[in-house]
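Just below is one structure, and these are the notes that go with it.
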Amino acid sequence: MKRLCLILAALTAALAAPALAHAGGATLRVVDVGPGERSLAAVSRFDLLAFKGPGPIRFRVHRLQGGWSGWLTADDDPTWTGAADAFRVRSPGKARAYEIWSPVEGQPVRALAEAGSPAIVSRSGWKANDEILRGKPAYAPALRLAIVHHTVNANDYTPAEAAAIVRGIELYHVQGNGWNDIGYNFLVDRFGNVYEGRAGGITRNVIGAHAEGFNRGTVGIALIGNFAKAKPTQAMENALVRLLAWRLDLAHVDPLSTVAYASGGNAKFKAGKVVTLRAVSGHRDTGPSECPGKAAYDLLGRVAKEAAAIGLPKLYSPTVAGALGGDVRFQARLSSSLPWTVTVADTAGRAVASGKGTGSTVDWTWHAAVPTGASYRWTIAAPGLRVASGTLGKAPPAPAPLPALSALSATQTTVAFTLNVAAQVEVHVLDAGGATVLQAFAGQRPAGPSAVNWDSSALAEGRYRLVVTATAGGASATKWVDIVVDRTATGLTAQAGDAGTTQVSFTLAAPAPVTLAVEQGAATVAQVFSGVLQAGDATVSWDRTSGGKPLAAGDYTVVLTVTDALGAVRFTVPLTLP
């Protein structure tokens with residue numbers, strides 16, 4: 001038996017790494033830089049780079065295939081660099097660099113669509129990592145306007161790289177900015193692909209994190225690229241028009257209208273300052289920013305006109321004033337003269353009152369001599385347009401919650417997830433062609449966190465997709481995660497001894513490059529070993545230090561990364577330091 005005994009000083013880093021289940025997922029490493037000019041070699045490769053610190057911060061990268069890039073200026077979102085292994089930075093003060101590796105995979109399919117919406121790449125389609133989200137979605141009572149941004153990225157990315165950029169932005173917004181989720185509600189690439197952004201439902205008024213002081217009641221749409229000088233492609237502009245036409249019509253907002261908005265507070269508009277904004281505004285209209293770049297900003301007037309002309313006729317600004325027991329006035333505006341109807345129905349769906357008219361203005365008053373404790377539903381309708389509706393009086397009982405899955409993760413032996421309601425759960429494993437190769441589990445699971453065991457021993461080594469489906473009340477929810485079945489490394493153990501060292505042991509079935517690190521939460525606190533090992537048993541002895549200083553007592557994770565025919569594969573084991 002070969003035993004490799006090494007005592008290496010640990011290297012310090014702050015690397016937010018994906019769970020084992022997310023093979024090929026995005027990873028993030030934090031490095032302190034500045035002031036002045038500094039060159040740094042990456043511990044591993046990266047393809048997006050971001051900086052936080054006093055500006056302007058200039059940087060260039062050394063690409064894996066090619067030489068050094070030209071000098072670039074850092075912005076709020078990470079910049080797509082392509083695969084790189086080093087960077088140089090010029091910073092006027094102390095700053096932090098965020099190295100992000102977001103692997104380029106196949107182009108996602110635009111499959112998510114609602115009535116009248118453009119085809120949209122769902123979060124699962126671009127492989128959003130729901131496990132890193134910090135909180136549940138929050139909702140505004142109404143959507144009032146759209147705010148357009150640009151990500152200040154490269155403009156020459158491929159369709160597959162666009163999805164990788166979106167994954168990198170999500171990781172940076174959550175683990176770099178500390179936000180609950182990706183800040184934008186939607187993103188649009190140069191090929192005209194629209195991506196679902198922040199979780200919570202594309203038809204719901206999800207509050208994002210895209211315009212400080214102006215997030216509530218707005219939809220943030222980011223154009224992927226830098227449009228300070230370059231114009232958005234025609235495909236991107238067309239997709240933006242279709243997206244705005246659908247999303248604003250869903251909220252009955254006229255794209256050519258203006259809105260008086262009370263700022264929540266930022267460096268440009270103090271809290272309470274009322275700002276008049278266009279229904280299709282640029283980020284620069286709401287705060288101290290040049291976003292979405294002059295070339296894109298100059299197009300917004302035309303974009304709004306084109307959005308207003310799509311999907312006619314439309315209904316704008318429905319309002320209801322008054323209360324049950326007195327007069328209730330219904331008003332709205334139509335895009336053209338049409339016969340319209342206002343209907344009020346009880347909880348059984350029986351009409352109790354209605355009003356009619358013809359024209360481009362809806363205005364009808366209901367003399368609501370009904371019990372004030374009742375509940376009614378109203379609708380404003382006209383031929384060919386999206387109906388407006390709402391409730392009056394006591395709110396009807398909330399429907400039973402639909403099943404929802406979250407916090408899905410998996411190893412080769414365990415699947416963990418959280419259910420919002422008790423549900424029948426099935427776990428299937430699909431091969432690369434999408435065929436089911438194994439039913440891993442089927443059974444009833446309670447609400448809350450849950451874990452089920454499964455056996456991967458019957459599967460050949462390779463990459464698979466593990467799909468979890470929860471069914472309750474006739475409705476189903478599905479989530480999936482990519483996994484790797486790899487048996488190059490087995491028997492990973494870590495044991496903290498009393499002599500101030502920890503022994504990490506494992507067995508390799510074949511020679512392979514390996515790295516050994518120690519993580520706590522989402523951060524790497526020690527880089528223990530990196531090199532090529534031969535087949536057989538190996539033991540690494542670690543002195544429990546990071547940067548020459550002993551680590552505090554607590555719970556950690558030992559991460560063994562083996563690079564073989566399946567790529568870089570992570571194996572983990574928990575470790576408690578006394």
Side-chain angles (χ1 to χ4, degrees), residues 16-29 44-49 63-65 77-85 99-112 119-133 151 153-154 156-175 182 184 186-197 199 222 224-225 408-410 429-435 437 461-468 478-486 561-570:
L20 169 64
H22 288 273
T27 60
L28 180 148
R29 174 179 179 256
S44 60
R45 56 189 172 177
F46 62 87
D47 50 22
L48 292 116
L49 193 60
R63 297 191 174 99
L64 292 182
Q65 297 187 3
D77 281 324
T79 299
W80 177 257
T81 63
D85 58 5
E99 299 173 357
I100 300 169
W101 173 247
S102 184
V104 178
E105 302 178 4
Q107 181 181 357
V109 178
R110 294 183 294 176
L112 180 64
I120 298 173
V121 179
S122 67
R123 287 175 60 84
S124 62
W126 57 264
K127 297 186 179 180
N129 186 352
D130 290 347
E131 279 69 53
I132 66 173
L133 303 189
T151 62
N153 251 295
D156 57 353
Y157 51 83
T158 67
E161 288 172 343
I165 290 171
V166 176
R167 288 191 294 272
I169 291 174
E170 178 202 29
L171 181 64
Y172 179 69
H173 282 187
V174 175
Q175 296 186 341
I182 190 169
Y184 307 117
F186 298 95
L187 301 95
V188 183
D189 71 21
R190 71 188 186 98
F191 307 98
N193 298 309
V194 178
Y195 300 81
E196 177 187 11
I224 301 175
L408 176 61
S409 62
V429 179
L430 312 183
D431 63 15
V437 294
E461 289 189 301
R463 294 182 178 273
Y464 298 89
R465 178 160 294 176
L466 189 145
V467 181
V468 180
T478 298
K479 276 189 174 293
W480 56 264
V481 64
D482 286 340
I483 61 170
V484 177
V485 175
D486 190 303
T561 303
V562 178
T563 302
D564 56 18
L566 294 174
V569 182
R570 287 163 48 97

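- Here the side chains of Asn193 and Leu187 are not in contact, with every heavy-atom distance at 4.5 Å or above.
- Contact between Gly125 and Val121 at its shortest, heavy atoms only, is C-CG1, 3.9 Å.
- With hydrogens and angles disregarded, a donor-acceptor distance shorter than 3.5 Å links the side chain of Arg190 to the backbone of Tyr157.
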Exercise for the section: Applying side chain to side chain contact (heavy atoms under 4.5 Å, CB included), run through Leu171 and Asn129 and close with a yes or a no. Expected result: CA-CA 8 Å; Leu171 181 64; Asn129 186 352; 5.9 Å; no
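- In this structure, Arg29 forms no cation-pi arrangement with Phe46, as its terminal cationic atom is not both closer than 6.0 Å to the ring centre and no more than 45° off the ring axis.
- Considering only heavy atoms from C-beta on, Trp80 comes within 4.5 Å of Asp47 through its side chain.
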Handout entry: side chain to side chain contact (heavy atoms under 4.5 Å, CB included) between Thr478 and Val467, intermediate numbers included
Key = CA-CA 7 Å; Thr478 298; Val467 181; 3.5 Å; yes
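- Side-chain contact check for Lys479 versus Asp130: some heavy-atom pair is nearer than 4.5 Å.
- Looking at Leu64 and Arg45, their side chains come closer than 4.5 Å, going by heavy atoms from C-beta outward.
- Atoms CG and CD, from Asp564 and Glu461 in turn, are 7.0 Å apart once rounded to the nearest 0.5 Å.
- Side chains of Leu49 and Ile100 form no contact here, defined as non-hydrogen atoms less than 4.5 Å apart.
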Exercise for the section: For Asp486 and Val562, run side chain to side chain contact (heavy atoms under 4.5 Å, CB included): C-alpha distance rounded to whole Å, both residues' side-chain angles, the deciding distance at 0.1 Å, then the answer. Expected result: CA-CA 9 Å; Asp486 190 303; Val562 178; 5.7 Å; no
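- Contact between Glu196 and Trp126 at its shortest, heavy atoms only, is O-NE1, 2.7 Å.
- Shortest non-hydrogen contact noted between Ile483 and Ala410 is CG2-CB, 4.0 Å.
- The backbone N or O of Pro103 lies less than 3.5 Å from a partner atom in the side chain of Arg167, making a donor-acceptor pair.
- Between Glu161 and Asp156 the shortest heavy-atom distance is OE1-O, 4.4 Å.
- In terms of heavy-atom proximity, Gly168 sits nearest to Ser102 at N-OG, 3.8 Å.
- Annotation: side chain to side chain donor-acceptor pair (under 3.5 Å) contacts of Tyr195 (sequence neighbours excluded): Asp189.
- Using a 4.5 Å cut-off on side-chain heavy atoms (C-beta onward), Leu48 and Thr79 make no contact.
- The minimum heavy-atom distance linking Val468 with Leu466 is given by the pair CG2-CD2, 3.7 Å.
- Salt bridge annotation for Arg123-Glu170: present, with a cationic side-chain nitrogen under 4.0 angstrom from a carboxylate oxygen.
- Checked by atom type and distance alone, the side chain of Glu99 never pairs as donor or acceptor with a backbone atom of Leu28 at under 3.5 Å.
- Between the Asn153 side chain and the Pro78 main chain, a donor and an acceptor come within less than 3.5 Å of each other.
- Side-chain atoms of Arg463 come within 3.5 Å of backbone N or O of Leu566 as a donor-acceptor pair.
- For the pair Asp77/His173, a side-chain contact is recorded, criterion being any heavy-atom separation below 4.5 Å from C-beta on.
- Residues Leu430 and Trp480 have side chains not in contact (no heavy-atom distance under 4.5 Å, counting atoms from C-beta outward).
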